[in-house]
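Per chain, numbering begins at 1; letters A, B, ... match sequence-line order. Keep in mind it's a predicted model, so treat the numbers as computed, not measured.
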Amino acid sequence: MMTQNNIYLEVYHKLLTHFGHQEWWPGESPFEVIVGAVLTQNTSWCNVSKAICNLKEAGLLNYDSFKMLSVDEIASYIRPSGYYNLKAKRLRNLLDMIEQLYFGDLDLFLSDSLGSGRNNLLSVKGVGPETADSILLYACQQPTFVIDTYTHRVFSRHQLVDEETDYDSMQDLFLSKLPEDVELFNEYHALIVRVAAKYCKKSKPLCSECPLQGVND
DNA sequence: CACCAGGCAAGTA
DNA sequence: TACTTGCATGGT
């Protein structure tokens with residue numbers, strides 16, 4: 001393939017060619033995305049999926065039912081996802097924010113008609129930049145780029161960003177180098193998670209099988 | 001057995 | 001400001 005006009009688009013096309021379309025977020029509704037975004041904090045999706053299943057089977061994975069649950073009730077359903085007491089509180093905090101700032105209207109939050117969705121999400125105790133951006137991109141369809149440990153690891157290991165780069169600088173970099181496109185941001189983050197999970201594990205510094213091998217040459 | 005997984009906040013100096 | 005620690009289940 002011909003070299004693209006910038007390295008960030010080149011990486012994207014290499015990953016897309018290698019892995020194909022990822023069909024993200026793995027959830028059936030915006031509300032499911034919101035819950036999953038909190039549950040997957042520092043946790044494998046496999047465990048999150050079990051917690052999601054518990055909620056789904058109990059018919060609780062919708063805003064109107066979920067918002068009636070106490071912290072202890074939430075915790076009992078999400079145990080497989082780990083940190084269950086902590087995450088139950090975080091979900092409760094998030095639901096309370098929607099109740100207070102968006103009048104309990106989930107659709108209003110999703111459409112972000114108040115225009116300050118990210119700041120409102122970050123004001124919730126337990127919602128940091130990655131969780132906020134995941135919700136904005138995958139539930140609200142807003143054009144933001146999600147940075148996670150995989151993104152940092154993949155790009156620093158291939159010497160495409162400095163090892164010390166922080167969340168906001170890295171996000172600024174992607175947003176400035178890529179066209180503003182929700183579908184592109186969606187697919188790109190999913191592809192990064194995919195390549196990292198397979199070829200860029202924490203304990204395996206190098207991998208000659210990685211489709212990004214030599215991308216920086 | 002040790003280590004890791006799609007973070008975040010709170011405590012310490 | 002710059003580290004360190006707690007949170008917890010389940011897979012490799």
Side-chain angles (χ1 to χ4, degrees), chain A residues 11-12 15 19 21-28 30 32-55 71-97 118-140 142 144-157 161-171 174 185-207 209-210 212:
Chain A
V11 166
Y12 172 72
L15 292 176
F19 293 108
H21 183 53
Q22 298 300 298
E23 302 280 350
W24 264 41
W25 181 286
E28 298 171 5
E32 186 171 337
V33 173
I34 291 170
V35 173
V38 172
L39 295 185
T40 198
Q41 292 172 353
N42 199 39
T43 301
S44 66
W45 184 258
C46 178
N47 282 2
V48 174
S49 185
K50 290 169 182 166
I52 295 274
C53 278
N54 287 344
L55 289 165
V71 168
D72 286 344
E73 285 173 321
I74 296 171
S76 70
Y77 289 102
I78 66 171
R79 285 187 62 118
S81 74
Y83 308 135
Y84 52 87
N85 289 313
L86 186 62
K87 287 173 178 175
K89 282 181 198 150
R90 290 176 175 184
L91 285 166
R92 185 70 261 161
N93 294 342
L94 183 48
L95 274 277
D96 289 346
M97 183 277 286
R118 193 170 195 270
N119 285 338
N120 289 338
L121 283 165
L122 292 177
S123 74
V124 176
K125 188 172 294 186
V127 175
E130 186 195 332
T131 306
D133 287 328
S134 294
I135 291 170
L136 288 169
L137 177 62
Y138 292 105
C140 305
Q142 302 248 331
T144 186
F145 204 93
V146 179
I147 307 297
D148 61 358
T149 56
Y150 283 162
T151 313
H152 183 269
R153 190 189 304 156
V154 168
F155 280 77
S156 62
R157 203 167 277 182
V161 300
D162 189 273
E163 172 69 31
E164 304 303 316
T165 306
D166 65 12
Y167 191 100
D168 289 338
S169 331
M170 209 163 163
Q171 185 182 52
F174 281 99
F185 296 164
N186 175 324
E187 189 72 55
Y188 204 160
H189 177 68
L191 286 164
I192 289 166
V193 171
R194 182 72 184 279
V195 72
K198 186 157 188 182
Y199 297 115
C200 202
K201 296 248 177 198
K202 189 172 185 179
S203 56
K204 297 181 179 177
L206 294 173
C207 182
E209 307 294 306
C210 181
L212 297 181

Engineer: Looking for any heavy atom pair under 4.0 Å, which part of the strands does A:Thr149 touch: base, sugar-phosphate only, or nothing?
Structural biologist: sugar-phosphate
Engineer: Would you measure the distance from the P atom in C:dG10 across to the matching atom in B:dC8 and give it in whole Å?
Structural biologist: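 It comes out at 23 Å once rounded to the nearest Å.
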Engineer: Compare all side-chain heavy atoms of A:His189 with those of A:Asp148 and state whether any distance is below 4.5 angstrom.
Structural biologist: yes
Engineer: What are the 5'-most and 3'-most nucleotides of DNA chain C lying under 4.0 Å from any heavy atom of chain A?
Structural biologist: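 The contact span of chain A on DNA chain C goes from C:dC7 to C:dG11.
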Engineer: Hey, which of A:Thr144, A:Val146, A:Ile34 is the one that makes side-chain contact (heavy atoms from CB on, under 4.5 Å) with A:Tyr138?
Structural biologist: A:Val146
Engineer: Is it true that a side-chain atom of A:Ser76 and a backbone atom of A:Ile74 form a donor plus acceptor pair closer than 3.5 Å?
Structural biologist: no
Engineer: Scan residues 78-95 of chain A against DNA chain B and write down, sorted by residue number, each residue with any heavy atom closer than 4.0 Å; if none is found, say none.
Structural biologist: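 Close to the strand are A:Leu86, A:Arg90.
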Engineer: Taking A:Gln41 for its side chain and A:Gly126 for its backbone only, find out whether a donor-acceptor pair lies under 3.5 Å.
Structural biologist: yes
Engineer: Using ring centroids (six-membered ring only for Trp), state whether A:Phe145 and A:Tyr188 fall under 6.0 Å.
Structural biologist: yes
Engineer: How long is the line joining CG of A:Asp168 and C1' of B:dC8, in whole Å?
Structural biologist: 15 Å
Engineer: Who passes side-chain contact (heavy atoms from CB on, under 4.5 Å) against A:Glu163, sequence neighbours left out?
Structural biologist: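 In terms of side-chain contact (heavy atoms from CB on, under 4.5 Å), with neighbours along the sequence ignored, A:Glu163 is linked to A:His152, A:Ser156.
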Engineer: Regarding A:Val154, tell me which of base, sugar-phosphate or nothing describes its non-hydrogen contacts under 4.0 Å with the strands shown.
Structural biologist: nothing
Engineer: Could you check whether any side-chain N or O of A:Tyr167 sits under 3.5 Å from a backbone N or O of A:Ile147, counting only pairs where one atom can act as donor and the other as acceptor?
Structural biologist: yes
Engineer: Which residues within residues 32-52 of chain A lie with some heavy atom under 4.0 Å of an atom in DNA chain B?
Structural biologist: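 Here the set is A:Thr40, A:Gln41, A:Asn42, A:Thr43, A:Ser44, A:Trp45.
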Engineer: Sequence neighbours left out, what passes ring-ring contact (aromatic ring centres under 6.0 Å, His included) with A:Trp45? Give chain and number order.
Structural biologist: A:Trp25
Engineer: Could you go over nucleotides 1-4 of chain B and give all protein N or O partners under 3.5 Å, atom names and distances?
Structural biologist:
none

Engineer: Indicate yes or no: at least one non-hydrogen side-chain atom of A:Lys50 is less than 4.5 angstrom from one of A:Ile78.
Structural biologist: no
Engineer: Is it true that A:Arg118 and A:Asp133 have a side-chain N and a carboxylate O under 4.0 angstrom from each other?
Structural biologist: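 Result for this pair is yes, salt bridge flagged.
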Engineer: Looking only at heavy atoms, which two atoms of A:Lys202 and A:Arg153 are closest? And how far apart?
Structural biologist: N-NH1, 3.1 Å
Engineer: Test of understanding: with ring-ring contact (aromatic ring centres under 6.0 Å, His included), list the residues that count as partners of A:Phe155, not counting sequence neighbours.
Structural biologist: A:Phe174
Engineer: Under 3.5 Å between N/O atoms: give me all the protein pairs with nucleotides 10-13 of chain B, atom names plus distance.
Structural biologist:
residue, atom, partner, partner atom, Å
B:dA10, OP1, A:Lys125, NZ, 3.0

Engineer: Can I get a per-line list of side-chain donor-acceptor pairs under 3.5 Å for residues 191-201 of chain A, giving both atom names and the distance, sequence neighbours left out?
Structural biologist:
residue, atom, partner, partner atom, Å
A:Arg194, NH1, A:Gln22, OE1, 3.2

Engineer: How close do A:Arg90 and A:Lys125 get, heavy atom to heavy atom, and via which atoms?
Structural biologist: CG-O, 3.9 Å
Engineer: Got a donor-acceptor contact below 3.5 angstrom from the A:Asn54 side chain to the A:Tyr77 backbone?
Structural biologist: yes
Engineer: Tell me which residues in residues 126-133 of chain A put a heavy atom below 4.0 Å from DNA chain B, sorted by number, or none.
Structural biologist: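 Those residues whose heavy atoms fall under 4.0 Å from DNA chain B, taken from residues 126-133 of chain A in numerical order, are A:Gly126, A:Val127, A:Gly128, A:Pro129, A:Glu130, A:Thr131.
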Engineer: Under the rule for side-chain hydrogen bond (donor to acceptor under 3.5 Å, both in side chains), what residues qualify as partners of A:Thr40, not counting sequence neighbours?
Structural biologist: none
Engineer: Taking only residues two or more places apart in sequence or in another chain, which ones pass side-chain contact (heavy atoms from CB on, under 4.5 Å) with A:Asn120?
Structural biologist: A:Met97, A:Leu101, A:Tyr102, A:Ser116
Engineer: Which atom names give the shortest non-hydrogen contact between A:Met170 and A:Thr151, and what distance separates them?
Structural biologist: CE-O, 3.4 Å
